[in-house]
Amino acid sequence: MNKRKTVFIEGPITPSFVANSIEKHQTKTTIGAHDIFLGQVRADKIDGKIVQAIDYSAYNEMAENKFHEIREATFNKYDLTCMHIYHSLGKVKAGEICLFVFVSAPHRKVAFEALEFLVEEIKKEVPVFGKEVFDDETHVWKVNKV
């Protein structure tokens, strides 16, 4: 079993954080392909109001355990060199990044398949909750669509 990694980041995931993560992999020369998923907060229109931000919360320990289980299952299923998952907690404005999933493998097909599996499992299994906040500070709880 691999070491459990911290997934949560307070606030939005910045483009420079993503770029730095990619840059750190330049020395890993057995990697032939990377695939990245960036989840971004949408300015959805709900009952005539526009979403301005999502305020994320989680049962941290339960969510971190579930991230770890999904990570282990993905490593067992696919021939990956490495994998990184980051999810925001707290308020993330529309247009900002809230989920960053990064997989690396010797070949592209494995990277593509593993990334899709990983993102779908995260959305389906991890207890992270999003409160969609409107201009007038009212909110609704986000429902993930499969």
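Values reported hereafter were calculated over all heavy atoms of this structure, with side chains retained and with hydrogens, waters and symmetry mates removed.
H34 and S104 get closest at one heavy-atom pair: ND1-OG, 2.7 Å. When all heavy atoms of Y56 and G130 are compared, the closest pair comes out as CD2-CA, 4.1 Å. Across F8 and S88, no two heavy atoms sit closer than the pair CD2-O, 4.4 Å. Across all their heavy atoms, V126 and A63 have their closest contact at CG1-CB, 3.9 Å. Heavy-atom minimum distance, A105 versus V110: CB-CG1, 4.1 Å.
Sorted by first and then second residue, the pairs that involve residues 47-62 and meet salt bridge (Lys or Arg N to Asp or Glu O under 4.0 Å), not counting sequence neighbours, are K49-D136. Sequence neighbours left out, the pairs with a member in residues 104-125 that pass ring pair (Phe, Tyr, Trp, His ring centres under 6.0 Å) are Y78-F117. Residue pairs meeting the salt bridge (Lys or Arg N to Asp or Glu O under 4.0 Å) criterion with at least one partner in residues 73-101, sequence neighbours excluded, do not occur; the list is empty.
In this structure, I50 shares a hydrophobic cluster with no other residue, the cluster being traced through Ile, Leu, Val, Met, Phe, Trp and Tyr side chains under 4.5 angstrom apart. Applying the 4.5 Å side-chain rule to ILVMFWY residues, one finds Y59, M62, W141 in the same cluster as F129. Side-chain heavy-atom separations under 4.5 angstrom define the hydrophobic clusters, and the remaining members of the one that includes F100 are I9, I13, F17, V18, I22, I36, L38, Y86, I97, F102.
When the side chain to side chain donor-acceptor pair (under 3.5 Å) test is applied to E69, the partners found at least two apart in sequence or on another chain are K66. When the side chain to side chain contact (heavy atoms under 4.5 Å, CB included) test is applied to E10, the partners found at least two apart in sequence or on another chain are L89. Residues that satisfy the salt bridge (charged side-chain N to carboxylate O under 4.0 Å, His left out) test with E64, not counting sequence neighbours, are absent from this structure. In this view, E116 satisfies the salt bridge (charged side-chain N to carboxylate O under 4.0 Å, His left out) rule with no residue, not counting sequence neighbours. Taking the side chain to side chain donor-acceptor pair (under 3.5 Å) definition, one finds that T81 meets it with nothing, sequence neighbours left out. In terms of the side chain to side chain donor-acceptor pair (under 3.5 Å) criterion, H87 has no residue partners (sequence neighbours excluded).
Taking CZ from R71 and CD from E121, the interatomic distance works out to 15.5 Å, rounded to the nearest 0.5 Å. Here T14 contributes atom OG1 and N20 contributes atom CG; the two are 7.5 Å apart, rounded to the nearest 0.5 Å. The CD1 atom of I70 sits 10.0 Å away from atom CE of M83, with the distance rounded to the nearest 0.5 Å. One distance of note links CD of Q52 with CG of D44; it measures 11.5 Å at 0.5 Å rounding. K28 NZ to C82 SG: the interatomic distance, rounded to the nearest 0.5 Å, is 4.5 Å.
Cluster annotation: V103 and I31 are assigned to distinct hydrophobic clusters (Ile/Leu/Val/Met/Phe/Trp/Tyr, side-chain heavy-atom contacts under 4.5 Å, transitive). Connection of F75 to I85 is established within a shared hydrophobic cluster, with ILVMFWY side chains joined at heavy-atom distances below 4.5 Å, either directly or through further cluster members.
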Step-by-step side-chain contact (heavy atoms from CB on, under 4.5 Å) determination, H25 to H84: CA-CA 11 Å; H25 288 76; H84 304 279; 3.2 Å; yes

Working for side-chain contact (heavy atoms from CB on, under 4.5 Å), residues F134 and V140: CA-CA 9 Å; F134 304 107; V140 294; 3.9 Å; yes

